[in-house]
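So the structure is just underneath, and the comments pick up after that.
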Protein chains: 2
Amino acid sequence: MNSSNKESLEIEAKKETLRKFPLFSELSIEQFRKITSIAKVVKFKKNHFIFFDGDLYKGFYILLKGTVKISKITNDGKESVLHIIKPLNAFADVPLFEGGNYPANSQTLEESIVIFISKEGFLSLIKEDPEMSLRMICGFAKRLRELTYKIEKFSSKEVINRLAEYLLKEIKTNNTDKLDEPFLRLSVPKNTIAAYLGTVSETLSRNFNKLQKDEIIKVKGKTIIILDYPRLKKLAV
Amino acid sequence: MNSSNKESLEIEAKKETLRKFPLFSELSIEQFRKITSIAKVVKFKKNHFIFFDGDLYKGFYILLKGTVKISKITNDGKESVLHIIKPLNAFADVPLFEGGNYPANSQTLEESIVIFISKEGFLSLIKEDPEMSLRMICGFAKRLRELTYKIEKFSSKEVINRLAEYLLKEIKTNNTDKLDEPFLRLSVPKNTIAAYLGTVSETLSRNFNKLQKDEIIKVKGKTIIILDYPRLKKLAV
DNA sequence: GCCAAAAACTGACTTAAGTCAAAGGAATCA
DNA sequence: TGATTCCTTTGACTTAAGTCAGTTTTTGGC
């Protein structure tokens with residue numbers, strides 16, 4: 001396949017996927033053309049930093065493929081993982097409205113493909129069509145609720161409960177939750193999961209062991225099989 | 001003063017204050033008239049529940065005076081305080097866009113005055129004037145960032161650090177942070193602060209003691225005087 | 001397929017903070 | 001004013017989870 005062929009295919013794929021993104025699903029053809037004209041598809045290798053905490057803000061991203069970690073380094077030098085981004089989710093969109101620089105680091109955890117949309121392009125688009133902000137606000141509202149939920153959990157639960165909850169969420173996004181033995185493949189290193197759950201890898205490891213000894217899960221390398229869904233759910237309370 | 005006089009004064013006060021609220025600050029006279037026509041001013045006594053977790057959603061509120069606690073009861077029966085609302089902040093606005101019932105309990109901690117705006121009224125208004133949603137999205141973006149920040153702190157810091165941070169935030173909203181000895185009056189019972197900081201009142205009490213023994217603060221009943229601002233700031237890192 | 005580096009795990013120890021129980025202090029209402 | 005109730009503090013105890021150090025396992029490059 002020659003390079004121009006490859007490129008045109010990529011553009012088609014990008015247009016197709018953008019259509020699936022809730023924010024753009026109901027735009028007119030004209031509006032949609034504008035979006036695709038300013039959107040850029042970019043591919044990154046594993047462990048690539050997309051932007052750093054404090055970098056000049058240029059625009060936001062939508063993840064198409066792979067996994068992206070959003071994290072900060074706390075004052076005592078530890079990494080705090082704020083989000084683990086999965087495909088068809090936007091990230092770094094808050095500064096669009098809030099101003100300021102990129103508020104955290106962003107690093108790929110696998111080979112990833114993202115769509116980049118520049119701040120200027122997007123804001124001028126939203127100005128012409130303020131209804132788009134209505135759709136965007138729904139996404140923000142959803143995330144506000146999720147974050148509130150996360151804080152609630154965080155403040156009152158132990159690591160094993162947070163881990164149980166994380167596993168449940170993962171098998172749901174993997175769509176294996178209806179199987180007899182739901183399973184998941186960790187697309188994220190365990191120390192990242194630990195930082196995401198607000199703990200350290202040693203403690204996480206011990207809690208994986210606990211769940212395994214109680215025959216609630218079975219760990220085979222990066223694959224985790226849920227043996228006792230009801231008890232896992234009970235733990236995630 | 002007779003009742004009709006009092007009422008008209010109240011309406012004037014309400015119009016005046018609504019104008020200060022960022023969401024409405026740049027509306028046209030016509031738009032603003034519509035908002036004031038659907039907004040209701042309500043006064044509540046101390047400890048009054050405004051709505052309960054799960055109640056049918058009817059609309060959102062803007063606090064004019066007093067303090068309101070937004071909380072949930074966790075599965076193990078503990079109270080988790082999600083927000084402590086201060087004047088000129090909106091609450092229960094997320095379900096406007098997300099749907100569903102009221103997602104938490106809301107209770108006054110002092111005598112409070114709120115503005116209630118019904119869901120239907122507000123949504124029809126926003127439909128006529130989608131630019132309003134642009135202003136609203138900025139508020140949401142701000143809160144998203146704050147919540148993210150809170151999660152980051154929560155996951156890595158000890159109670160004494162969270163307490164220091166809370167005190168700093170309070171003296172800032174009380175505008176005494178430029179004084180030689182900044183101070184604040186707790187408008188919130190200590191067990192509520194504890195639940196807000198994700199701990200229990202005993203632990204909070206011990207941490208207040210620690211700060212006092214180290215001569216960083218001085219506690220006189222509900223009044224707290226900051227003796228050593230730099231060290232408090234260092235703790236809040 | 002082998003080796004070095006990174007990631008994950010284990011054990012021993014320490015500590016922040018939760019629990020329970022009881023006492024002291026403050027607020028409220030008759 | 002006094003009394004009841006609620007809020008706050010204190011002490012003794014327990015435990016989840018962090019730290020440090022060392023080992024094992026996995027991964028990725030050559």
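For the numbers below, each heavy atom of this structure counts, side chains included, while hydrogens, waters and symmetry mates do not. Chain letters run A, B, ... following the sequence lines, proteins first and then strands; every chain starts at 1. Just so you know, these numbers come straight off a predicted model, no measurement behind them.
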Closer than 4.0 angstrom, basic N to acidic O: yes or no for E79(B) and K69(B)? yes
Ignoring the backbone of S205(B), work out which of dA17(D), dT10(D), dA21(D) is nearest its side chain. dT10(D)
Please confirm whether the shortest side-chain N or O distance from N209(A) to OP1 or OP2 of dC9(C) is below 4.0 Å. no
T199(A) side chain, from C-beta outward: closest of dT19(C), dA17(D), dT19(D): dA17(D)
Ranking P189(B) and G221(A) by the position along DNA chain D of their nearest nucleotide, the one closer to 5' is P189(B)
Please report the distance, rounded to the nearest Å, between CD1 in I160(A) and C1' in dG18(D). 17 Å
Please check the phosphate of dA17(D) (OP1 and OP2 only) for any side-chain N or O of T203(A) closer than 4.0 Å. no
Between K210(B) and K46(B), whichever has its closest DNA chain C nucleotide further toward 5' is K210(B)
Do the rings of F51(B) and Y102(B) sit parallel, tilted or perpendicular, given the 30° and 60° boundaries? parallel
Among the nucleotides dT19(D), dA16(D), dT19(C), which one has an atom lying closest to any side-chain atom of E158(A)? dA16(D)
Counting side-chain heavy atoms from CB outward, which of dA8(C), dT10(D), dG18(C) is closest to K190(A)? dA8(C)
Given dA17(C), dA17(D), dT19(D), the nucleotide with the shortest approach to the side chain of E202(A): dT19(D)
Taking only N and O in the side chain of K45(A), is any of them less than 4.0 Å away from OP1 or OP2 of dG28(D)? no
Does K222(A) put a side-chain nitrogen or oxygen below 4.0 Å from OP1 or OP2 of dA8(C)? yes
Does dT19(C) have OP1 or OP2 sitting under 4.0 Å from an N or O in the side chain of K78(B)? yes
Under 6.0 Å from the CZ atom of F183(B), do we count more than 12 heavy atoms belonging to anything else shown? no
Residues N105(B) and F52(B): closest non-hydrogen pair is OD1-CA, 3.5 Å
K58(B), NZ: over 12 other non-hydrogen atoms inside 6.0 angstrom: no
Would you indicate, yes or no, if dT9(D) has its OP1 or OP2 atom less than 4.0 angstrom from a side-chain nitrogen or oxygen of S201(B)? no
